[in-house]
Number of protein chains: 2
Amino acid sequence: MNIGQAAKASGVSAKLIRYYESIGLIPEAGRTAAGYRVYTPQDVHILRFIKRARTLGFSIERIERLIGLWRDKDRSSAEVKAIALEHVAELEAKIAEMRAMSDTLRELVNACHGDHRPDCPILRDLAADDPVAADDQASRKGRVAGASAG
Amino acid sequence: MNIGQAAKASGVSAKLIRYYESIGLIPEAGRTAAGYRVYTPQDVHILRFIKRARTLGFSIERIERLIGLWRDKDRSSAEVKAIALEHVAELEAKIAEMRAMSDTLRELVNACHGDHRPDCPILRDLAADDPVAADDQASRKGRVAGASAG
DNA sequence: CCTTGACCTTCCAATCACTGGAACGATTAC
DNA sequence: GTAATCGTTCCAGTGATTGGAAGGTCAAGG
């Protein structure tokens with residue numbers, strides 16, 4: 001099996017397979033006399049594992065650890081769960097951050113007429129001298145993160 | 001006002017101010033005889049605009065456009081709104097993607113005992129030969145994206 | 001044997017928005 | 001005078017790819 005066939009079988013591009021090898025995520029593949037990389041069905045299995053993990057947003061670093069546990073038949077499921085929980089926590093944090101951005105922006109967008117006139121609450125928020133005024137501007141309708149002072 | 005003072009006043013690090021200048025996001029600052037960059041309160045205002053826009057997740061490319069509109073007193077609010085809506089759409093798309101990842105993972109985490117034993121639904125999902133089986137594994141409790149065939 | 005095309009190889013560069021550091025010059029305070 | 005703090009430029013790295021250039025290899029057909 002050469003790299004193109006392994007790519008098709010795993011769904012990981014040949015380019016990416018070489019990259020994974022270069023960073024040590026997968027072991028160096030065997031070679032033919034001409035220098036072509038050679039892959040086994042087991043290699044393809046690992047590549048599919050990586051692809052699925054990447055689809056779930058796991059970083060390469062965590063995938064390395066997951067592969068280690070996958071190969072270790074004496075692993076504890078607690079170790080695997082811990083890695084997954086780290087990742088879930090990161091995901092939730094990023095989601096919350098983006099949710100806040102989106103909510104603020106949608107308030108501003110709603111307040112913007114979106115017509116030929118230049119007046120625009122979005123620019124007013126961005127250009128606000130006072131960073132707190134920017135928050136006020138956004139949370140006039142429904143308060144999101146309350147600055148209780150005042 | 002030198003770059004350190006502008007950094008303090010704007011909340012944008014000196015390093016980042018130089019970077020913004022290097023990519024053309026802000027105009028080249030004036031210089032003292034010794035080559036030190038010099039900033040005006042107006043420059044600081046722009047830096048704060050950029051900082052607020054970055055906090056809301058706008059890309060540098062969109063911030064360039066927003067600054068252009070900000071300076072253009074004949075702009076239409078519709079143009080500003082359009083840029084904001086592009087960004088909101090991207091945010092929502094990314095949030096949805098991460099929400100799906102997190103939901104799938106939390107199902108797997110819930111199904112994992114997290115004890116000393118090696119058996120683990122998380123690894124089983126990642127190592128699934130059949131990519132559809134991976135979905136099934138995750139959606140056994142509550143189905144997320146139904147594969148209706150079968 | 002030669003060509004054509006599809007494959008493989010390596011290496012370099014770009015993405016995005018920074019951040020860090022090295023190596024060195026200027027200013028300021030004591 | 002000198003030490004600390006600031007400023008300068010330039011280079012490199014981050015994460016996870018993707019693209020391209022330049023060249024070697026393989027299989028098929030004439």
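Note on naming: letters A, B, ... go to the chains in the order of the sequence lines (proteins, then strands), and numbering restarts at 1 for each one.
- Annotation: side chain of K94(A) is not in contact with side chain of I95(B) (no heavy-atom distance under 4.5 Å).
- Residue contacts for R18(A): at a heavy-atom cut-off of 4.0 Å it reaches a base atom on one of the strands shown.
- Residues A14(B) and A33(A) each lie close to DNA chain D; by heavy-atom proximity, the contact nearer the 5' end of the strand is made by A14(B).
- Look at R31(A) and you'll find a side-chain N or O under 4.0 angstrom from OP1 or OP2 of dT10(C).
- At a threshold of 4.0 angstrom between heavy atoms, the contacts of I3(A) are confined to the sugar-phosphate backbone, with no base atom among them.
- Residue Y20(B) places at least one side-chain N or O under 4.0 Å from the OP1 or OP2 atom of dC18(C).
- Backbone-only contact: R37(A) has heavy atoms under 4.0 Å from sugar-phosphate atoms and none from a base.
- Although no hydrogens or angles enter the test, the distance criterion places no donor-acceptor pair under 3.5 Å between the side chain of H87(A) and the main chain of L105(B).
- Of the listed nucleotides (dC8(C), dT19(C), dA17(C)), dT19(C) has the atom at the smallest distance from the side chain of S13(B).
- Using a 4.5 Å heavy-atom cutoff, the side chains of L25(A) and I63(A) are in contact.
- Between the CE atom of M1(B) and the P atom of dG7(D) there is a distance of 12 Å, rounded to whole Å.
- Looking at heavy-atom distances under 4.0 Å, T32(B) makes no contact with the nucleic acid at all.
- The residue among A34(A) and I23(A) whose nearest nucleotide of DNA chain D lies closer to the 5′ end is I23(A).
- Contact annotation for F58(A): no contact, since no heavy-atom pair falls under 4.0 Å across all strands.
- Closest to the side chain of K15(A), from the set dG20(D), dA16(D), dC8(C), is dG20(D).
- Proximity of Y19(A) to the phosphate of dG15(D): no side-chain N or O atom is located under 4.0 Å from OP1 or OP2.
- Enclosure of atom CZ in R31(B) by more than 12 non-hydrogen atoms of other residues, nucleotides or ligands within 6.0 angstrom is indicated.
- Counting heavy atoms from C-beta outward, I17(A) and E21(A) have side chains that stay 4.5 Å or more apart.
- Two residues, L16(B) and Y36(A), neighbour DNA chain C, and the one matched to the more 5' nucleotide by heavy-atom proximity is Y36(A).
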